[in-house]
Amino acid sequence: MAGMKGLRLVIFGPPGSGKGTQSKLISELYGIPHISTGDIFRDEIARGSRLGRLAEEYISKGLLVPDEVVVEMVRERLLREDCKPGFILDGFPRTLRQAEELDRILEELGWRLDAVINLVVDEEEVVRRITLRRVCSVCGAIYHLEFNPPKRPGVCDRCGGKLYQREDDTEEVVRKRLEVYRTQTEPILRYYREKGLVRDVDGNPSIEEVFEQVKAVLEEVRSGGDG
Ligand code: ADP
Ligand code: ADP
Ligand code: ZN
């Protein structure tokens with residue numbers, strides 16, 4: 001087929017908008033790695049590494065980890081073999097500086113982003129989602145006590161692992177994270193809009209309905225459309 005492209009994606013949206021949930025579905029369907037900077041940091045924290053200890057200082061307060069640290073981490077990840085067919089970046093970039101550095105890394109690799117999927121979700125909905133979020137401590141599967149509950153309370157459907165609540169998913173830290181999103185992260189949408197990369201998706205409906213919209217957008221991107 002003419003113009004079939006790889007899929008090099010960024011998924012964008014406020015904390016709790018469903019980036020992780022949709023990324024996992026996209027990753028499975030298209031066979032591209034899901035790169036979540038938040039997940040990488042949580043792994044490092046769990047392992048007690050130096051990077052983890054550094055990141056935790058910021059994450060626990062709802063603040064961003066310094067750009068240099070995140071950029072270098074993402075750079076190393078993108079150099080790995082499995083990113084050749086494409087990737088989906090979740091939670092990165094989060095500042096204009098990170099977006100610019102990402103462009104530099106991609107240029108170095110001879111790649112370009114194909115799309116930025118922007119999940120648009122109301123603020124009250126985002127708070128409802130985050131405060132009842134639960135995550136599998138083993139495989140990272142994402143649940144919601146009301147909207148996407150596990151079959152057995154506290155137990156992961158996929159691997160039997162124990163579910164936990166993220167320490168930064170408390171009301172107070174969530175408020176800070178939303179403020180940081182509005183002031184430091186949301187402005188980079190303009191940078192991507194100017195490049196014609198942004199695909200807005202209504203993230204308010206159910207997980208399945210949002211994924212239907214995402215798939216439609218990605219099929220268009222893959223066949224070279226600029227919709
Ligand atoms: P959410 O999915 O709720 O938006 P993440 O799991 O993406 O949260 O991120 C959790 C925390 O990890 C952030 O609040 C921030 O402290 C840190 N973090 C993740 N990605 C980045 C990044 N690109 N730049 C700076 N800090 C980051
Ligand atoms: P993010 O990565 O953007 O922080 P998540 O994918 O972790 O967001 O989703 C946040 C919470 O909302 C999780 O508990 C998840 O199960 C739930 N969730 C995700 N998408 C939807 C949706 N479309 N409708 C209802 N709940 C959702
Ligand atoms: Zn699991």
Side-chain angles (χ1 to χ4, degrees), residues 10-26 34-45 51-52 54-74 77 88-99 101-102 117-122 125-150 154-169 173-174 176-181 184-185 188 201-214:
V10 166
I11 192 159
F12 203 88
S17 55
K19 299 183 299 296
T21 300
Q22 295 297 323
S23 294
K24 285 173 194 295
L25 295 168
I26 294 166
H34 169 208
I35 304 174
S36 157
T37 44
D39 282 353
I40 299 175
F41 284 136
R42 281 183 290 277
D43 280 350
E44 296 288 338
I45 291 170
L51 174 60
L54 184 147
E56 194 170 19
E57 293 280 317
Y58 298 90
I59 295 175
S60 63
K61 300 183 186 109
L63 302 174
L64 297 183
V65 177
D67 287 337
E68 313 81 72
V69 175
V70 193
V71 167
E72 189 45 34
M73 193 175 86
V74 170
R77 182 65 190 86
I88 178 156
L89 281 169
D90 161 13
F92 180 92
R94 258 178 154 99
T95 63
L96 188 56
R97 167 92 195 285
Q98 290 179 18
E101 291 294 329
L102 174 60
I117 299 165
N118 179 36
L119 296 178
V120 182
V121 181
D122 300 335
E125 175 65 12
V126 153
V127 174
R128 264 197 295 278
R129 288 184 186 180
I130 299 188
T131 45
L132 293 179
R133 168 161 58 190
R134 294 293 184 274
V135 182
C136 176
S137 55
V138 178
C139 76
I142 304 164
Y143 297 88
H144 186 279
L145 294 185
E146 192 183 331
F147 306 138
N148 183 28
V155 181
C156 179
D157 293 351
R158 301 181 60 212
C159 79
K162 203 169 163 242
L163 306 186
Y164 76 103
Q165 177 166 31
R166 278 170 46 175
E167 284 193 31
D168 60 344
D169 278 353
V173 181
V174 166
K176 184 69 197 170
R177 285 159 62 202
L178 286 170
E179 181 199 319
V180 165
Y181 175 77
Q184 295 181 252
T185 305
I188 70 180
V201 168
D202 178 8
N204 287 299
S206 71
I207 293 172
E208 294 73 22
E209 284 172 274
V210 174
F211 190 47
E212 286 306 314
Q213 296 180 66
V214 167

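All ligand and atom numbering here is 1-based and tracks the order in the structure.
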Look only at interatomic distance and state if [X] has a nitrogen or oxygen under 3.5 Å from any nitrogen or oxygen of ligand 2.
| X | answer |
| --- | --- |
| Val210 | no |
| Arg134 | no |
| Lys19 | yes |
| Tyr143 | yes |
| Ile142 | no |
| Asn204 | no |

Show the atoms of ligand 2 that are less than 4.0 angstrom away from any heavy atom in [X].
| X | answer |
| --- | --- |
| Gly20 | 1 (P), 2 (O), 6 (O) |
| Pro205 | 22 (C), 23 (N), 24 (N) |
| Pro14 | 3 (O) |
| His144 | 14 (O), 16 (O) |
| Ser206 | 23 (N) |
| Phe147 | 25 (C), 26 (N) |

Atom 23 (N) of ligand 1: of Pro93, Gly91, Pro66, Ser36, the nearest heavy atom sits on Gly91
Top protein contact for [atom], by heavy-atom distance:
| atom | result |
| --- | --- |
| atom 24 (N) of ligand 1 | Gln98 NE2, 3.0 Å |
| atom 13 (C) of ligand 1 | Arg94 NH2, 3.8 Å |
| atom 1 (P) of ligand 1 | Arg177 NH2, 3.6 Å |
| atom 12 (O) of ligand 2 | Arg129 CB, 3.2 Å |
| atom 20 (N) of ligand 1 | Thr37 OG1, 2.7 Å |
| atom 26 (N) of ligand 1 | Val65 N, 3.1 Å |
| atom 8 (O) of ligand 1 | Arg166 NH2, 3.2 Å |
| atom 17 (C) of ligand 1 | Ile59 CG1, 3.7 Å |
| atom 7 (O) of ligand 2 | Arg133 NH1, 2.6 Å |
| atom 6 (O) of ligand 2 | Thr21 OG1, 2.6 Å |

Please say whether Leu63 places an N or O atom under 3.5 Å from an N or O atom belonging to ligand 1.
yes
Please check whether Arg42 reaches ligand 1 - meaning an N/O of the residue sits under 3.5 Å from an N/O of the ligand, judged on distance alone.
yes
Do the side chains of Asp168 and Arg133 get close enough for a salt bridge, i.e. N-O under 4.0 angstrom?
no
Kindly report the SG-the Zn ion (ligand 3)-SG angle for Cys159 and Cys156 respectively, rounded to 10°.
120°
Atoms of ligand 1, numbered as shown, that sit under 4.0 Å from any heavy atom of Pro15:
3 (O), 4 (O)
